[in-house]
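One structure is given here, and the rest of the page talks about it.
Chain naming here is simple, since letters A, B, ... match the order of the sequence lines and numbering starts at 1 in each. In this text the structure is predicted, and so the values were computed from the model without any measurement.
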Amino acid sequence: MPEIKITPLGAGQDVGRSCILLSMGGKNIMLDCGMHMGYNDERRFPDFSFISTDGPITPYIDCVIISHFHLDHCGALPYMSEMVGYTGPIYMTHPTKAIAPILLEDMRKVSVEKKGDQNFFTSQMIKDCMKKVIAVTLHQSVMVDSELEIKAYYAGHVLGAAMFWIKVGSQSVVYTGDYNMTPDRHLGAAWIDKCRPDLLITESTYATTIRDSKRCRERDFLKKVHECIDRGGKVLIPVFALGRAQELCILLETYWERMNLKVPVYFALGLTEKANNYYKMFITWTNQKIRKTFVQRNMFDFKHIKPFDRQYIDNPGPMVVFATPGMLHAGLSLQIFKKWAPNENNMVIMPGFCVQGTVGHKILNGAKKIEFENRQIVEVKMSVEYMSFSAHADAKGIMQLIQYCEPQNVMLVHGEAAKMEFLKNKIKQEFNLECYYPANGETCIINTTVKIPIDVSLSLLKAESKKFNALPPDPKRQRTLHGVLVMKDSSICLMDVDEACKEAGINRHVIRFTSTVHLHDPGSSLATAHKLHSLMKEKLPEWSVTFTDGSISVESVLVKVEGEEDNQKSVFVSWTNQDEELGSYILKLLNSMGH
Amino acid sequence: MWVIALFVEDNTIAIVPTSWVRSNNECYWPTASGGGEQKFVKECTSPDKKTWRLYKVRILGNGKVFDDWNKARLKLPNAETESDFNTDHENNDTDNETPRKIRTELSQESISIPLPEVPFIKSCVQPSTSAMTSRNTELAVTPHNRAHVIRDLSPAVCSSPEVFSRNETPKINGYNQTDENSSIKLLLKQLLRQVTILNGKINNVQDDLAELKNKINSDHLKDDDISNAFEEDFPITTSQELLNFDKKLLNNEYCLSNDPNKPCHILTFREITLMLDCGLSMQSVLNFLPLSYVYSNRLHNLPIWLPTDVTDSDLEGELRENGDRIFIDSPPEFCPPLDKLIDFAQIDVILISNYLCMMALPFITEGTGFQGKVYATEPTLQIGRLLLEELVTHIEQCPKANFATQWKNFIHKLPYPLNDSFKPKSWKQIYNAGNVNASLSRIQMVGYNEKIDVYGALQVLPTSSGYNLGSSNWIITSDHEKIVYLSGSSTLTTHPRPMDHHALKNADVLIMTDLTQTPISNPDSMLGLLCVVVSLTLRGGGNALIPCYPSGVIYDLFECLSIKMQDLGVQNCPMFFISPVADMSLAYSNILAEWLSSAKQNRVYVPDEPFPHALLLKNSKLKHFKHIYSEGFSTDFQEPCVVFCGHPSLRFGDVVQFIELWGNNPRNCIVFTEPDFDYIEALAPYQPIQMKVAHCAIDTSLNFTQANKLIKDLKPTTLVVPECYIQPPVSAPTLTELVIETSSDRTLIPYKWGEVINLPLKRKQGQILMETEVAQKINPIEVKTGVSLSSLTGALVIKDNVHNMKNHADGSESKTQRGTRYEWGLVNVTEFLQKMAQEGIVDAKVEPSGNGVMIHLQDEDALIQIEDNCTHVLCNSDELRLRLRNILMQCLKQF
């Protein structure tokens with residue numbers, strides 16, 4: 001039985017450092033190569049020693065696929081390719097290829113320059129790594145080699161996020177990366193066709209949540225922001241540079257315009273501004289509405305939102321600030337947080353998921369005091385709001401995707417074990433599909449049915465179809481294809497027996513048997529033949545019994561009546577060796593009539 | 001009992017049974033049977049009042065009734081000219097001069113002319129050549145004409161009911177006899193009747209087909225084996241033509257466009273009808289006067305022209321003269337792909353290769369019952385939309401009160417080139433914006449190398465062709481066949497993604513069209529020349545006018561021209577891009593990074609706009625306006641300047657205004673860059689003109705050298721090209737190297753407009769997917785070195801045209817041929833006898849017989865006849881028979 005082997009090196013019953021190894025049909029594919037935001041030690045990168053304990057991993061991996069530019073999906077890429085050693089192809093979409101190196105560089109700076117990490121990858125390594133990247137467009141079939149084919153589908157999660165369909169021989173897998181099944185203010189919804197993969201590997205960040213309508217959440221968000229600035233508070237919104245930031249900017253921009261608000265809105269200089277440029281350039285990856293209107297007005301040219309300067313932190317009066325990174329684990333957002341947290345008028349809105357170990361995760365769990373590495377303690381008096389704007393599919397969305405692509409098996413990754421358990425039962429219940437959720441380092445083996453493509457001669461198919469159509473229609477009847485498989489050189493072809501003999505250059509030997517039965521039946525021999533015909537039709541309802549020129553035939557069995565207009569009739573029954581069963585049955589039938 | 005009746009409607013006469021005549025002036029006549037009337041007439045079959053039509057008739061010969069059909073027949077020829085056959089001569093004063101044609105009777109000459117047999121389908125009562133011929137004799141105005149019409153009958157049945165009208169024009173033109181008018185009218189009437197009859201038949205067939213198709217769809221089948229079933233199931237009285245046609249149906253190609261650079265083909269393959277491109281030839285617009293939105297004194301006062309002997313007041317004012325050219329004063333008309341060859345409703349899929357080849361799309365998809373799918377890449381759709389919208393806006397913004405139509409009736413009296421124009425009666429007004437939107441909303445966007453499944457029977461895949469943004473070549477494959485459609489390709493490095501050669505290799509059929517229209521000039525040197533001409537004009541204080549399409553080469557022009565202008569110190573002269581879609585075109589070009597050359601693509605990663613015109617816009621070096629009258633244009637406008645605007649035909653769009661404005665100043669210059677129109681023709685209505693004219697046509701698509709090299713590289717088995725590509729171009733008949741080379745390595749099939757070609761693709765094998773359980777049953781037996789055989793049985797499941805072979809569900813296996821094996825080789829008689837002896841059968845008597853031996857077992861009265869390829873056992877005892885069977889099997893090999 002052919003099988004598909006999956007080993008998550010990260011994202012197995014966990015969120016962060018997504019990295020899944022997939023083996024099928026003799027090919028090894030690495031899906032994503034992310035880092036974990038919650039750790040600062042070696043645990044932040046996937047354990048590549050699983051693949052090879054020493055030396056580069058190029059010989060063991062046929063290709064690497066990156067689903068989108070979030071660091072928990074691509075953060076370990078330069079480490080893997082340049083430090084561990086990988087020279088094979090890396091596939092990602094054009095926007096991912098454009099944006100990923102910027103985020104990597106940004107993270108590198110934070111880690112090395114701010115935290116003083118040693119043994120981290122360098123800027124040059126990021127550049128070298130990106131040279132190995134092959135950009136793909138949506139729906140394009142990419143042949144990695146003669147057997148391995150990949151195809152990207154729109155995933156909606158962030159700009160350029162894609163789901164990948166991977167096929168080797170007749171086995172196929174869909175890896176979703178992160179995706180979003182509901183269109184938002186700037187991106188469309190994920191879409192996939194009915195590709196019926198053997199396995200669907202889906203993220204399950206919101207495995208148990210069914211989020212209320214987007215509009216309500218947006219209204220809620222705006223209301224909270226508005227209330228806070230009305231009481232003179234400052235609003236901090238930690239975001240990742242690309243993705244939610246743009247959606248929330250569009251949201252605030254339109255609200256500010258409508259309400260004619262004057263309170264300043266800032267976004268952290270640098271990254272986000274550059275990011276907006278990418279959005280302008282890759283507008284084809286955004287949603288329908290933005291694409292339609294971009295000539296008149298580019299949605300990413302903001303009027304009310306101005307770049308942020310570090311000095312503004314201490315400015316009096318209300319303001320709204322978008323700052324990176326999104327989980328408050330480092331950088332500007334953390335710096336602002338430390339300043340603003342002690343004031344109860346202020347507010348922090350966490351618009352996305354925070355991994356364990358980050359400050360964001362701590363305050364969301366209600367921590368009132370945060371202790372930092374340098375023993376600095378910050379009291380959290382500001383209100384902490386969590387608004388799930390993360391563009392992940394919720395339980396409903398995951399079920400919808402399963403319905404879209406009709407997989408044979410489902411695997412859950414990128415989520416928490418307890419929630420996965422729940423979702424697994426639901427999938428089992430609703431679709432009756434086998435569902436897996438291996439932990440990191442645990443190998444999961446899935447058996448698949450394999451279909452072998454073989455050639456078949458058209459004349460054989462036509463003969464079958466003719467025979468099938470000759471019978472009265474019956475939806476339950478199975479069609480049967482019978483032929484001879486000719487295996488010659490490297491080709492395999494199914495054909496009719498005579499064709500096959502000719503192709504193989506051998507002579508078929510036909511054995512025919514003829515027996516005579518004597519019947520007492522007055523009347524003409526034709527009348528007897530008719531009687532036999534109706535008898536046989538009755539006894540052999542599943543066969544096509546034909547009557548031509550006084551003889552009856554079923555498959556290769558021929559029945560012929562001879563004799564003058566007297567009682568004695570000779571009935572000849574003749575058949576080939578292949579129809580021995582049928583022939584002897586008919587012979588017995590006729591014999592029993594004679595007695 | 002018969003009478004002779006004159007059918008008033010079409011002035012024909014016929015013998016009719018009296019039982020068919022109703023109330024003396026009406027008579028039944030068999031309809032749509034397409035023949036067999038003779039038989040009906042002879043046998044006085046009672047009329048089927050439901051299906052037969054009543055005709056107005058006059059009974060001739062004072063109602064004389066014949067009791068013998070043959071007698072009536074003898075009188076019939078006289079009845080042609082006489083209305084009363086009791087007298088020998090009567091004055092024909094009441095009757096007309098037109099000789100009447102015989103409705104049913106066979107004239108002797110027409111029998112002697114061998115006529116192709118028309119296939120009869122289903123409803124025909126007695127399919128016979130003579131019956132059909134009797135109808136055709138009505139057409140026998142002259143033997144020449146008959147041959148002409150009848151020759152086209154069989155394709156008429158095959159492809160489309162309206163095909164007759166395809167032959168209308170040439171026949172009428174070629175018909176110059178004394179009684180021209182009445183004969184033509186008669187002929188037309190007959191033709192119309194024929195069409196009606198054929199329509200009726202086709203309707204029947206189509207109903208049947210529809211029914212069958214429904215059945216098939218419900219069974220999830222759509223495959224060749226079904227077409228085979230069609231042949232079996234139809235009660236077709238098969239004629240050779242019909243069979244041939246059926247074969248053709250499976251796999252042929254025809255071309256609907258007469259312009260190889262605006263291609264439109266139909267390809268039928270595995271029962272799928274594909275349209276390859278739908279280009280709109282715009283050459284027709286050159287015959288029209290330019291559309292100007294301000295009143296043009298000059299154009300308005302052009303002298304009216306009339307053909308020498310025509311005084312028809314209807315024609316007055318429709319034609320105007322300038323120089324030696326005649327122009328039609330009317331909104332321009334276009335020559336869409338002809339719908340006579342195929343019903344557009346039958347098209348399953350339209351594949352568009354680039355935005356210049358989709359201008360006829362609204363003509364095809366709107367109001368024709370078209371229900372298929374249209375595939376194009378994203379840039380093709382977006383930029384194609386711009387082109388269509390620009391065209392519609394250009395024409396609609398200059399509404400004309402009068403639509404000239406009368407001139408089409410005097411084509412043969414008009415001077416060249418109007419009298420030579422291509423099917424002017426089929427020319428149409430442009431579609432409207434609503435049609436454009438509706439039509440474009442049918443397009444499904446695809447990416448390069450995206451495999452698209454077409455009803456499970458075919459797979460189509462676009463690959464980059466390097467010609468313009470989003471341009472593609474299409475690869476059409478089934479399990480074992482590969483057809484490549486190559487259109488508008490370029491091996492030059494410009495802004496689009498480079499051409500993808502690899503996927504096009506080793507095709508069974510390569511259809512190659514849309515090669516360069518400027519085979520002699522080199523696009524690079526033309527671009528250089530253009531830059532120099534423009535810069536020099538600017539330096540001399542003149543303005544440069546560049547008529548162009550709103551996308552394509554224009555992006556390269558902006559880039560190169562701005563550099564050259566810098567070099568020559570005229571960088572301060574502004575460039576104006578005026579088009580209703582200028583802003584869209586510039587904006588789109590900068591967001592389609594994935595479709596650009598890698599150099600342009602890499603700029604996006606910075607992030608920078610891929611095209612430098614974004615920078616030119618920022619620096620106000622390049623300005624764009626929707627129209628010449630748009631707000632702000634007059635304030636920004638400064639001379640000297642460069643103006644890019646449409647339309648390249650110079651018949652509509654803002655370019656008309658600029659020629660009016662600048663045409664009289666010899667310092668100004670008009671530079672032609674688009675190769676679609678002949679620049680002398682384009683300028684004809686503006687002559688005499690003072691401004692300089694430069695011709696720098698830039699066509700980046702393949703030239704003949706590149707094409708021949710490419711063909712060598714791609715190694716197709718069969719190459720299909722427009723006929724004009726195998727002869728040197730008309731403009732340069734001496735340049736014999738400007739052709740597609742022939743080679744013994746491949747078959748070359750030239751085609752011309754309206755021709756149906758049979759592609760040499762014979763399907764022999766299909767594909768089936770075998771499940772593992774079935775594969776486990778395979779028991780290969782090596783019958784020769786390297787050749788193994790195994791008999792195999794499985795359940796066949798056909799879904800969406802995909803064949804799957806599974807294990808039989810339990811219970812149904814018993815009666816199938818499961819485990820059936822076949823014997824092969826020779827029976828060694830000695831060995832056979834030995835084995836029989838071992839089994840105790842010793843009374844065998846061996847006699848030679850025929851090619852083998854006859855073994856007689858006397859005790860049992862059993863006979864065994866052994867030959868090389870077969871053994872026949874005649875035996876009445878079952879027990880003995882089974883023993884013999886066992887022995888035989890031991891003597892033979894099996895697989």
Self-check item: Region of B:V827 in contact with chain A, defined by heavy-atom distances below 4.5 Å
Solution: both

Quiz item: Where does A:L587 contact chain B at under 4.5 Å (heavy atoms): side chain, backbone, both or neither?
Solution: side chain

Self-check item: Side-chain donor or acceptor of B:Y605 paired with backbone N/O of A:P95 under 3.5 Å
Solution: no

Self-check item: Test item: A:H509 and B:T871 side chains (from C-beta on) under 4.5 Å apart, heavy atoms
Solution: yes

Quiz prompt | Greatest number of heavy atom pairs closer than 4.5 Å to chain B - which of A:T137, A:V497, A:I492, A:I283 | solution = A:V497

Quiz item: Has the side chain of A:Q578 got a donor or acceptor atom that lies under 3.5 Å from a matching backbone atom of B:R821?
Solution: yes

Quiz item: What are the two closest non-hydrogen atoms of A:I511 and B:L888, and how far apart are they?
Solution: CG2-CD1, 3.7 Å

Quiz item: Below 4.0 angstrom, N of the basic side chain to O of the carboxylate: do B:K764 and A:E499 qualify?
Solution: no

Quiz item: Hey, is B:E594 close enough to A:K97 for a salt bridge, meaning N to O under 4.0 Å?
Solution: no

Quiz item: Is chain A contacted by the side chain of B:Q865, its backbone, both, or neither, given a heavy-atom distance below 4.5 Å?
Solution: neither

Self-check item: Any donor-acceptor pair under 3.5 Å from B:S790 side chain to A:L485 backbone
Solution: no

Exercise. Applying side-chain contact (heavy atoms from CB on, under 4.5 Å), name anything that partners B:A795, two or more places apart in sequence or on another chain.
Key: A:Q478, B:H808

Quiz item: What's the verdict on side-chain contact (heavy atoms from CB on, under 4.5 Å) for B:M770 and A:L494, showing C-alpha distance, side-chain angles and the deciding distance?
Solution: CA-CA 11 Å; B:M770 185 167 59; A:L494 188 68; over 6 Å; no

Quiz item: With side chains defined as the heavy atoms from C-beta onward, is the minimum distance between A:T449 and B:E771 less than 4.5 Å?
Solution: no

Self-check item: Side chain A:S457, main chain B:Q765, donor-acceptor under 3.5 Å
Solution: no

Quiz prompt | Engaged part of B:L892 at the chain A interface, taking heavy atoms whose separation is under 4.5 Å | solution = side chain

Practice problem: Let me know if A:N577 has heavy atoms under 4.5 Å from chain B in its side chain, its backbone, both or neither. | Solution: both

Quiz item: Should B:H803 and A:L481 count as side-chain neighbours, where that means a heavy-atom distance under 4.5 Å?
Solution: no

Self-check item: Heavy-atom pair with the smallest gap, counting every atom of A:R508 and B:Y822
Solution: NH2-CD2, 3.5 Å

Quiz item: Without hydrogens or angle criteria, can the side chains of B:S791 and A:H482 be said to hold a donor-acceptor pair below 3.5 Å?
Solution: no

Quiz item: For A:E580, is it the side chain, the backbone, both, or neither that has a heavy atom closer than 4.5 Å to a heavy atom of chain B?
Solution: side chain

Quiz item: Given that the side chain runs from C-beta out, which part of B:D868 has a heavy atom under 4.5 Å from chain A: side chain, backbone, both or neither?
Solution: backbone

Quiz item: Any donor and acceptor pair, going by atom type alone, linking the side chain of B:K451 with main-chain N or O of A:S141 inside 3.5 Å?
Solution: no

Quiz item: Can you check whether B:N804's main-chain N or O pairs, donor with acceptor, with A:K451's side chain at less than 3.5 Å?
Solution: no

Self-check item: Non-hydrogen atoms of A:L458 and B:G766 that approach each other most closely
Solution: CD2-N, 4.0 Å

Exercise. Before giving the answer on side-chain contact (heavy atoms from CB on, under 4.5 Å), spell out for B:E450 and A:Q140 the whole-Å C-alpha distance, their side-chain angles and the decisive distance to 0.1 Å.
Key: CA-CA 4 Å; B:E450 177 174 351; A:Q140 169 196 10; 5.7 Å; no

Quiz prompt | Test log, rule side-chain contact (heavy atoms from CB on, under 4.5 Å), inputs A:K488 and B:K784 | solution = CA-CA 10 Å; A:K488 195 177 171 184; B:K784 273 186 182 177; over 6 Å; no

Quiz item: Which residues satisfy the ring pair (Phe, Tyr, Trp, His ring centres under 6.0 Å) test with A:F294, sequence neighbours excluded?
Solution: B:Y588

Quiz item: What are the two closest non-hydrogen atoms of B:L789 and A:M487, and how far apart are they?
Solution: C-CE, 4.3 Å

Quiz item: With a 4.5 Å limit on heavy-atom distance, are the side chains of B:F895 and A:I506 in contact?
Solution: yes

Exercise. For residues B:C875 and A:S515, report the shortest heavy-atom separation together with the two atoms involved.
Key: O-OG, 2.6 Å

Quiz item: Can you find a pair of side-chain heavy atoms, one from B:N449 and one from A:V142, that are under 4.5 Å apart?
Solution: no

Quiz prompt | A:F282, part contacting chain B, at a heavy-atom distance under 4.5 Å | solution = side chain

Self-check item: Heavy-atom contact with chain B under 4.5 Å, split by part of A:V486
Solution: both

Quiz prompt | Under 4.5 Å from any heavy atom of chain A - which part of B:L882 | solution = side chain

